[in-house]
Amino acid sequence: MVESNRYNPAEIETYWYKQWEQSGCFHPEEYSGIPYVIVIPPPNITGYLHIGHALNNTIQDILIRWKKMSGFNTLWVPGTDHAGIATQNVVERELMKQGLTREKLGREKFLEQVWLWREKYGNRIIEQLKRLGAACDWQRLCFTMDENFSLAVSTVFVRLFEKGLIYRGTRIINWCPRCTTALSDEEVEYKEENGELFYLRYPLEDGGFIIVATTRPETMLGDTAVAVNPSDKRYKHVIGKKIRLPFVNRLIPVIEDQQVEIEFGTGAVKVTPSHDPADYNIGKRHNLPSVTVMDEKGRMNENAGEFAGLDRFECRKKIVEALKNHNLIEKIEPYTHRVGHCYRCHTVIEPYISKQWFVKMKELAQPAIDVVMKGELKFYPERWTKNYLNWLNNIEDWCISRQIWWGHRIPVWYCENENCPPIASIQIPLSCPQCGSKNLTQDEDVLDTWFSSWLWPFAVFKWPKKTKDLEYFYPTSTLVTAQEILFFWVARMVMAGFEFMGEKPFSAVYIHGTVRDETGRKMSKSLGNAIDPLEIIDKAGADALRFGLISLTAFGQDVFLPDKFYVKGRNFLNKIWNSFRYLEMVLEKNNCRKVEIKNVETFSRNLQLAEKWILAVLNQKVKHITECLESFRFNEAAESLYEFFWHQYCDWYIEMTKRFPENDPYLVSNVIPVLVYVMAKSLQLLHPFIPFITEELWNRMKKFTDISERFIVESVWPDYSNIFNFDDAIEKMEQIKKIVVEIRDVKTTFKIPVTRKLEASYYGIPELISDEQRQMIEFLSNTTFSPEEKSASISDKNRLVRTWKDGYFSLRVEGILDISVEREKLLNEKNKILKIFEQTEKKLSSMDFVKRAPEQVIEKTKKLRDELEYELKKIEKNLQLLTGE
RNA sequence: AGGCGGUUAGCUCAGUCGGCAAGAGCGCUUCCCUUACAAGGAAGAGGUCGUGGGUUCGAUUCCCUCACCGCCUACCA
């Protein structure tokens with residue numbers, strides 16, 4: 001063998017990916033057959049491939065490759081998301097290094113910079129997906145800011161606007177003072193924080209105090225009331241009285257509101273309609289004025305009097321100080337509470353009153369609820385259904401305007417005449433339909449990025465154009481995603497699918513787990529706990545990464561990745577590689593030119609036991625693997641294949657075939673074809689999981705087989721076949737394996753190297769009667785067997801006897817045997833089995849059990865009892881033989 | 001506060017309909033560089049399946065309690 005005995009993935013992976021891409025084998029052009037379609041959850045253009053992407057895309061790749069091999073016309077549409085806020089932040093940071101800001105540049109120049117950045121880095125993650133092996137159709141690569149996609153976005157906006165489902169309104173929304181934009185409710189992340197609860201003494205106009213509790217004393221400057229619960233007796237006497245608000249000297253009333261909790265704090269709450277969503281509601285109910293005390297950057301504004309100009313947190317300190325000086329703080333308690341943060345920059349969110357665009361969601365949500373209720377759209381695992389429905393049933397309107405520049409500009413124009421209604425239009429309107437004025441200005445804001453991604457499953461096919469792609473590939477089949485974007489994205493896609501296509505966007509949603517580190521935290525760069533998948537690809541190859549990831553990730557379960565998780569995959573690849581080298585060697589030694597594996601008939605006649613056995617086991621695997629894939633149990637499939645290939649095919653079958661001399665007729669006519677056939681089928685079954693090595697080896701097989709497909713992914717997925725239904729062969733082989741293990745065990749017990757050939761004789765062992773079986777046992781246990789006529793005699797220093805069924809075998813050993821080792825071992829074994837035996841006996845002697853348990857179980861238990869009994873007898877006998885007792 | 005998930009070998013995880021003598025990989029012990037593979041081979045050790053109840057002939061599996069870990073929803077300032 002010239003080639004390395006270690007598998008080196010680097011070159012092979014690069015080579016094959018290029019071949020796949022150039023051949024266009026992932027690019028369906030025909031609109032025939034049954035389509036199987038996946039749209040990728042589009043990663044951000046700012047993104048790097050992280051381990052979560054690796055898992056997400058490996059799963060999609062497995063599905064696509066398996067379905068393609070199963071005869072579907074498969075399509076996996078890739079693409080990226082423009083990620084408005086995230087991308088704008090990244091580019092702004094770049095600019096900052098040059099001392100520039102977007103304001104200095106101006107909108108147009110700034111957007112030029114973003115596009116430049118996008119050209120340069122926006123496809124970084126796409127290239128990384130290729131390294132993972134993703135079978136995407138790159139010719140259909142899509143970007144949410146493509147011309148077509150933008151058309152889809154404005155079309156959707158205008159349609160919803162005209163339908164009255166989009167409106168503009170002044171409301172309290174989530175505001176990020178760092179990104180200076182509004183956010184939707186979903187874009188706020190709540191984190192538990194250790195803060196303080198301040199008890200403030202608010203002076204009543206006519207003397208005395210009322211004490212209110214707050215976590216945000218700086219907002220007091222915007223207070224317009226103090227509220228108490230109407231049934232709170234403590235405060236009955238102050239209702240309607242006025243409070244002189246410190247620092248700003250405003251007179252504010254004490255009011256009653258049901259919403260106030262009597263139990264919390266002092267039972268009296270300060271009301272700041274401008275800076276708290278709950279207070280906003282109280283304000284609305286009582287017609288309270290709103291006083292905004294901060295600007296868009298989170299700094300105190302002119303309404304904050306002496307505190308104007310201070311940052312909100314700075315102001316908090318200052319105001320607490322000032323309150324203390326005026327003896328207006330009753331007490332301060334430590335307090336943990338949940339604080340909202342911007343999901344893009346993690347700045348503390350400020351509830352803020354502003355004019356924004358909203359989508360009315362209730363009506364849109366209904367079909368998305370119905371389709372799941374009817375079972376026409378299913379979640380795997382099923383439990384997500386509840387989360388999904390719960391969110392949709394309690395849905396709030398969606399704030400879609402963002403005060404940033406990067407994104408789809410809101411397709412609305414305002415007439416110079418303020419009395420004219422806003423004009424929503426796909427094209428730039430030339431004049432105001434109301435007054436005819438040509439002086440129109442477009443809304444400054446852009447749309448939430450998710451307002452484009454919710455159109456993904458049909459916009460990728462160029463909707464609203466009526467394309468062939470759209471007609472044939474929509475609706476898609478399976479969506480593979482993580483739980484984090486169930487609301488952000490999945491639910492909204494379902495709504496959009498019904499609203500604009502009149503049909504669900506996919507019928508199955510597989511939600512996989514989140515990859516976490518060993519402490520249970522999400523892997524993320526900022527935490528510094530991330531495993532970089534690219535590093536692993538460099539080190540061990542994408543196949544190793546994929547295999548490790550998949551075999552550790554159970555159905556919908558989160559996974560804590562240990563840092564060496566890829567080792568299993570790496571070692572497995574090496575095993576496959578070397579077993580293949582062995583095959584090549586055997587073929588060469590036996591001058592095999594062409595093995596016909598396509599026509600099973602050619603080699604499946606007159607098979608001996610071992611060949612029947614491995615084919616039968618393979619046959620069972622084929623069925624099992626397919627079932628696993630159908631139910632998203634990828635880890636089980638991967639594990640099962642691993643076990644079969646390594647521990648059945650390599651450990652036993654290949655080893656067995658080594659007993660034949662070169663050019664043995666049966667070896668050439670049957671064994672080698674079976675070896676090659678099982679290899680080929682295994683490669684196919686493994687291909688969705690580890691595409692690169694299987695492609696390489698598949699192609700190498702063309703030299704000596706009738707394999708002709710260009711790529712393994714174009715071959716046909718193995719099918720269960722009745723021809724290989726050799727159940728009895730499986731049973732017989734298990735017996736043979738047992739004898740071999742028994743003999744090896746004797747060798748190990750006495751520290752005899754496996755390599756040392758032992759002479760042995762036997763009596764009354766049925767497995768040793770057939771030539772084939774005897775040869776296998778002799779070969780695998782490295783012994784020579786000759787029959788004995790008489791019954792067993794006692795073990796002695798040169799001979800060790802072990803019973804087997806009604807017979808025995810005895811091994812001749814040179815040198816001294818330490819009988820005590822064997823004795824101890826047997827005694828231990830005996831104790832262990834005795835316990836289980838007694839349990840089983842007890843079970844069987846119980847009337848209840850015999851009466852109520854199903855027949856099968858009773859049979860099984862009896863069989864177990866008999867087996868244990870036999871084992872015990874065997875050990876007893878072995879002990880006797882050993883000691884002569 | 002509610003909902004969901006988890007708790008199985010030293011570590012990371014499997015375990016479908018209740019019927020196992022409870023599995024894997026890594027790690028560990030002993031022996032072996034046997035011409036496919038030391039990223040390997042052979043033989044092993046290691047678990048009262050988080051706690052306490054219940055249902056059942058039988059529970060790691062189903063039900064309830066509690067404990068701890070994690071996640072997701074929620075306007076208690």
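Naming convention: chains lettered A, B, ... in sequence-line order (proteins, then strands); numbering from 1 in each chain.
- A cation-pi contact, defined as under 6.0 Å to the ring centre and within 45° of the axis, is absent between Lys575(A) and Tyr649(A).
- Of the candidate nucleotides rG41(B), rA43(B), rA39(B), rA39(B) has the atom lying nearest to any side-chain atom of Asn571(A).
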Base-pair map of RNA chain B as dot-bracket, where | denotes pairing with a different strand and pairs are Watson-Crick or G-U under 3.5 Å: (((((((..((((.....[...)))).(((((.......))))).....(.(((..]....))).))))))))....
Review item, side-chain donor-acceptor pairs of residues 840-847 of chain A, under 3.5 Å, at least two apart:
| residue | atom | partner | partner atom | Å |
| --- | --- | --- | --- | --- |
| Thr840(A) | OG1 | Ile836(A) | O | 2.7 |
| Glu841(A) | OE1 | Arg865(A) | NH1 | 3.1 |
| Ser845(A) | OG | Glu841(A) | O | 3.2 |
| Ser845(A) | OG | Lys842(A) | O | 2.9 |
| Ser846(A) | OG | Asp848(A) | N | 3.4 |
| Ser846(A) | OG | Phe849(A) | N | 3.1 |

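- Under the 4.0 Å criterion applied to side-chain N and carboxylate O atoms, Lys658(A) and Glu655(A) are assigned as salt-bridge partners.
- Of the two residues near RNA chain B, Thr749(A) and Arg383(A), the one whose nearest nucleotide lies more 5' is Arg383(A).
- Between the side chains of Arg6(A) and Ser4(A), no donor-acceptor pair is found at a separation under 3.5 Å.
- As a whole-Å value, the separation of Lys737(A) NZ from rA43(B) P is 11 Å.
- In this structure, rC17(B) is classed as syn because its glycosidic torsion stays within 90° of zero.
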Using residues 271-283 of chain A as the side-chain source, report each donor-acceptor pair under 3.5 Å to any protein atom, sequence neighbours left out, with the distance given to one decimal.
| residue | atom | partner | partner atom | Å |
| --- | --- | --- | --- | --- |
| Thr272(A) | OG1 | Asp223(A) | OD1 | 2.7 |
| Thr272(A) | OG1 | Lys270(A) | NZ | 3.0 |
| Ser274(A) | OG | Val291(A) | N | 3.3 |
| Ser274(A) | OG | Val291(A) | O | 3.2 |
| Ser274(A) | OG | Thr292(A) | N | 3.4 |
| Ser274(A) | OG | Thr292(A) | OG1 | 3.2 |
| His275(A) | ND1 | Glu350(A) | OE2 | 3.4 |
| His275(A) | NE2 | Val293(A) | N | 3.0 |
| Asp276(A) | OD1 | Ala278(A) | N | 2.8 |
| Asp276(A) | OD1 | Asp279(A) | N | 3.1 |
| Asp279(A) | OD2 | Thr272(A) | N | 2.7 |

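- Heavy-atom nearest nucleotides on RNA chain B were determined for Leu868(A) and for Tyr642(A), and the one closer to the 5' end corresponds to Leu868(A).
- OP1 or OP2 of rA38(B) lies within a sub-4.0 Å distance of a side-chain N or O belonging to Asn5(A).
- At a cut-off of 3.5 Å, with distance as the only test, a side-chain donor of Glu333(A) or Tyr199(A) sits close to an acceptor on the other residue.
- For the pair Lys386(A) and rC72(B), the criterion of a side-chain N or O lying under 4.0 Å from OP1 or OP2 is not met.
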